[in-house]
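In what follows, a single structure is set out as structure tokens and then discussed.
Treat the numbers as computed from the prediction; the structure is a model and nothing was measured. Residue numbers start from 1 in every chain, and the chains themselves are labelled A, B, ... in the order their sequence lines are given, proteins ahead of strands.
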4 protein chains.
Amino acid sequence: MRTKNDEKQEALFKATVKLVNKIGFASSSVAKIAKEAGVSPATIYVYHKNKEELLVSVYIAIKREMSKAILQNFNSELPLRDIWKNLWLNAFEYVSKNLENYKYAEQFSNSPYSFLVDHEELEKYFTPIHDLIQNGIEQKIIKNVDINFISAFAFYPITRLANPNLCHGFELKKEDVETAFTMAWDAIKL
Amino acid sequence: MRTKNDEKQEALFKATVKLVNKIGFASSSVAKIAKEAGVSPATIYVYHKNKEELLVSVYIAIKREMSKAILQNFNSELPLRDIWKNLWLNAFEYVSKNLENYKYAEQFSNSPYSFLVDHEELEKYFTPIHDLIQNGIEQKIIKNVDINFISAFAFYPITRLANPNLCHGFELKKEDVETAFTMAWDAIKL
Amino acid sequence: MRTKNDEKQEALFKATVKLVNKIGFASSSVAKIAKEAGVSPATIYVYHKNKEELLVSVYIAIKREMSKAILQNFNSELPLRDIWKNLWLNAFEYVSKNLENYKYAEQFSNSPYSFLVDHEELEKYFTPIHDLIQNGIEQKIIKNVDINFISAFAFYPITRLANPNLCHGFELKKEDVETAFTMAWDAIKL
Amino acid sequence: MRTKNDEKQEALFKATVKLVNKIGFASSSVAKIAKEAGVSPATIYVYHKNKEELLVSVYIAIKREMSKAILQNFNSELPLRDIWKNLWLNAFEYVSKNLENYKYAEQFSNSPYSFLVDHEELEKYFTPIHDLIQNGIEQKIIKNVDINFISAFAFYPITRLANPNLCHGFELKKEDVETAFTMAWDAIKL
DNA sequence: GATGAATGAGTGTTCATTCAT
DNA sequence: CATGAATGAACACTCATTCAT
């Protein structure tokens, strides 16, 4: 597994996401992914140990990209609510503009492949957010609850709203982000 | 002439849920489901047109069961917040006690099979909840937002919290339901 | 295998011929034949030992019907050529009006099922024709060749002409029978 | 990268013909053909899109081979009857020496697969014969009838005579070809 | 007599992966 | 590095037939 041609690696990632979104995990065979990426099935095994490892690495790449997008312009000197709102706007923008990536991650999380990922390692990308929450709790601005509760109420709803598979007869629009943010903030603020 | 056997139908449903939870949608083959249910693969086709129809009908059955559980003891004469809390406790209890079912539904929703379901038809099971929300909005108790926002903030977080796949290093406990309810109510109340 | 209801037997025969012509031997399953005939698959086994025996008995029935049609109005007192022409007109009429039956027989003959039939027994239906040919040879009206040559040149062409599968871009019409008869007679006459 | 192997392609063709002759179209499964050819069932799909395409391409290959054999040494300067006789001898020889191929073609023609073939395209292989017939008609040597009549009376009887499935208790011998040719010529000549 | 449920064995086809080039 | 050929194992599904009713 030597890596020389980054274009092929990238093409494989994009093909994987596109295909899984179009036809689902079950039907996304190595042959189809290869065809979509414009390479031979055998080439996949140059870049990845096997199919599983390809799917996992695509997931991790998306998670990393997502964390970067959310944490960009993170300015710890602003008031906590403003920092929080910036995170939100970033999260919203990423999910809106990269719905395919987000949907791949969602399908992946809800599949047994999820067990193959070192989640503690992944969570490190989001450490600044954890720290911020901890900070907010200590400052008595945010409710003193397990961090999973904060995530569940603050972030999960927006991703849910953005997913057409789950949210039928409704499409999330730009102006809705303010509404969503208010609800999320009401949920977690003390 | 032999007659169709409800036990077999039931065994098939349970086997499907169990297997999909254990090895995922992608790997749950007809042969494996049949083996898990203790019948011949061919027998599945006596009860279902094809694999697709089996998976869909399991999903619908779970959704129906879920709606019944949530709406039991629905008493429209109580104050709105109390009705709401009862729904919550029911939802919490169902998800806690039938985590397998819920996780199956979640995987299903996040798969392309989801497109095969008539979601409008399914939503009818939850009509009383929709009416209750409408009522709350008119009484200025609940925020005047699209119903999908209410669902996203009021119900989905609890299911997320209950799902170990998504909520790592944390297990939802009975005492957490009060916390969760407070956060959900804060999110949606005016 | 008791036979009580002749209607069902008849329905099975017609369904078999119809289906084999429509989708071929390979795809004509017992279940489909049963459905086409409006009976249960199991019912077929009341009337026939197995699928093979059903197909064979349909073939034999057609052959018998065909021989009756060809030999009707057989008048051995006419001049030989006139007897022969009557046989021809009958054969032509049968093939034209029962193309489905004829095509079934043709497919059957060209399949290994053919080996299951006692052909000597079948040929007995056509004994008068054999005798006629023998007669013609002795009278020095017909060429002195093996009877298979006579059949091949006298009868096979007309069935070939009637079969759209074999005769593309051409449809046998009523007026063609005179032409065909002349050619056949030229082939066999001394 | 391995390269496609003509021997395998050839083995597949031979196995297909052999098997279809032995057990018939209906029973000739992909697995059995593969076994007969000494390859994996999956390998068939490297060389052919599907079973259908395999069967069709075998048919076309046989037809092409047959046309080449019949038209070899075609000398348009000889008298028409002599050209015709040469065609006959060639046809007779091909059918005699390649009875398996011929029988495959016959079974194929009498099956619904036949509809998948572009018969006009196929007929091009036999254009010289069509021209010869046209010529004969214009020279008032051959009866002025549709070309299908000529084929039906001139060529099909010999193939029928060569087919043991259709011609019971009789085997076509070398010396019979003169007899057959005379009958065929009598049928079509003016 | 007639049936639909039930099934082991088989269908055509695709799978993830390896191999020779 | 990169490839298409090659495949055993698995896929969803249908088969001819039997069995309990």
For dT3(F), does either OP1 or OP2 sit under 4.0 Å from a side-chain N or O belonging to T43(A)?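 Checking dT3(F) against T43(A), a side-chain N or O does come within under 4.0 Å of OP1 or OP2.
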Would you say a side-chain N or O of T3(B) is under 4.0 Å from OP1 or OP2 of dA5(E)?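 The answer is no; no side-chain N or O of T3(B) sits under 4.0 Å from OP1 or OP2.
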Nearest whole angstrom, please: distance from the [atom2] of [N] to the [atom1] of [X].
| X | N | atom1 | atom2 | result |
| --- | --- | --- | --- | --- |
| Q9(D) | dA6(F) | CD | C1' | 15 Å |
| E53(B) | dA12(F) | CD | C1' | 15 Å |
| K35(C) | dG4(E) | NZ | P | 12 Å |
| H48(B) | dA6(E) | NE2 | P | 12 Å |
| I33(B) | dA12(F) | CD1 | P | 8 Å |
| D6(D) | dA5(F) | CG | P | 12 Å |

Restricting to side chain to side chain donor-acceptor pair (under 3.5 Å), what partner residues turn up for E65(A), sequence neighbours left out?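 Partners of E65(A) under the side chain to side chain donor-acceptor pair (under 3.5 Å) test: Y94(A), N101(A).
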Taking side chain to side chain donor-acceptor pair (under 3.5 Å) as the test, write out the residues that go with Y125(C), two or more places apart.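 Once residues adjacent in sequence are excluded, the partners of Y125(C) under the side chain to side chain donor-acceptor pair (under 3.5 Å) criterion are R64(C).
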Considering residues at least two apart in sequence or located in another chain, which fulfil the ring pair (Phe, Tyr, Trp, His ring centres under 6.0 Å) criterion with F13(D)?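 Testing F13(D) for ring pair (Phe, Tyr, Trp, His ring centres under 6.0 Å), a comparison that skips the adjacent residues, returns none.
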Mind checking whether F25(D) and Y113(D) have ring centres under 6.0 Å apart?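 Yes; Y113(D) has its ring centre under 6.0 Å from that of F25(D).
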Taking the nucleotide of DNA chain E with the nearest heavy atom to each, does K8(C) or K4(B) sit closer to the 5' end?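 The residue mapped nearer the 5' terminus is K8(C).
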First of Y47(B) and G38(C) reached from the 5' end of DNA chain E, by closest nucleotide: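 Nearest nucleotide further toward 5': that of G38(C).
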Please round to the nearest 0.5 Å and tell me the distance separating atom OH of Y47(B) and atom OG of S57(B).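 The OG atom of S57(B) is 13.0 Å from OH of Y47(B), to the nearest 0.5 Å.
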Just wondering, more than 12 heavy atoms not from D6(D) lying within 6.0 Å of its CG?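 Not buried by this count: 12 neighbours or fewer within 6.0 Å.
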Is it true that atom NZ of K51(D) has more than 12 heavy atoms of other residues, nucleotides or ligands lying nearer than 6.0 Å?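 Count over threshold, so yes.
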If you check every side-chain atom of S40(C), which of dT7(E), dT3(E), dA2(F) has the closest atom?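 Ranking dT7(E), dT3(E), dA2(F) by closest atom to the S40(C) side chain puts dT3(E) first.
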Starting at the 5' end of DNA chain E, write a dot or bracket for each base, bracketing those in Watson-Crick or G-U wobble pairs whose two distances are under 3.5 Å and using | for partners on another strand. .||||||||||||||||||||
Results of salt bridge (Lys or Arg N to Asp or Glu O under 4.0 Å) for E121(D) - residues two or more places apart only: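 Here the qualifying residues are K124(D).
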B/S/- along nucleotides 12-18 of chain E (protein heavy atoms under 4.0 Å) is SBBSSBB
Hey, are E36(D) and K18(D) close enough for a salt bridge, meaning a charged N less than 4.0 Å from a carboxylate O?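 The answer is yes: the pair qualifies as a salt bridge.
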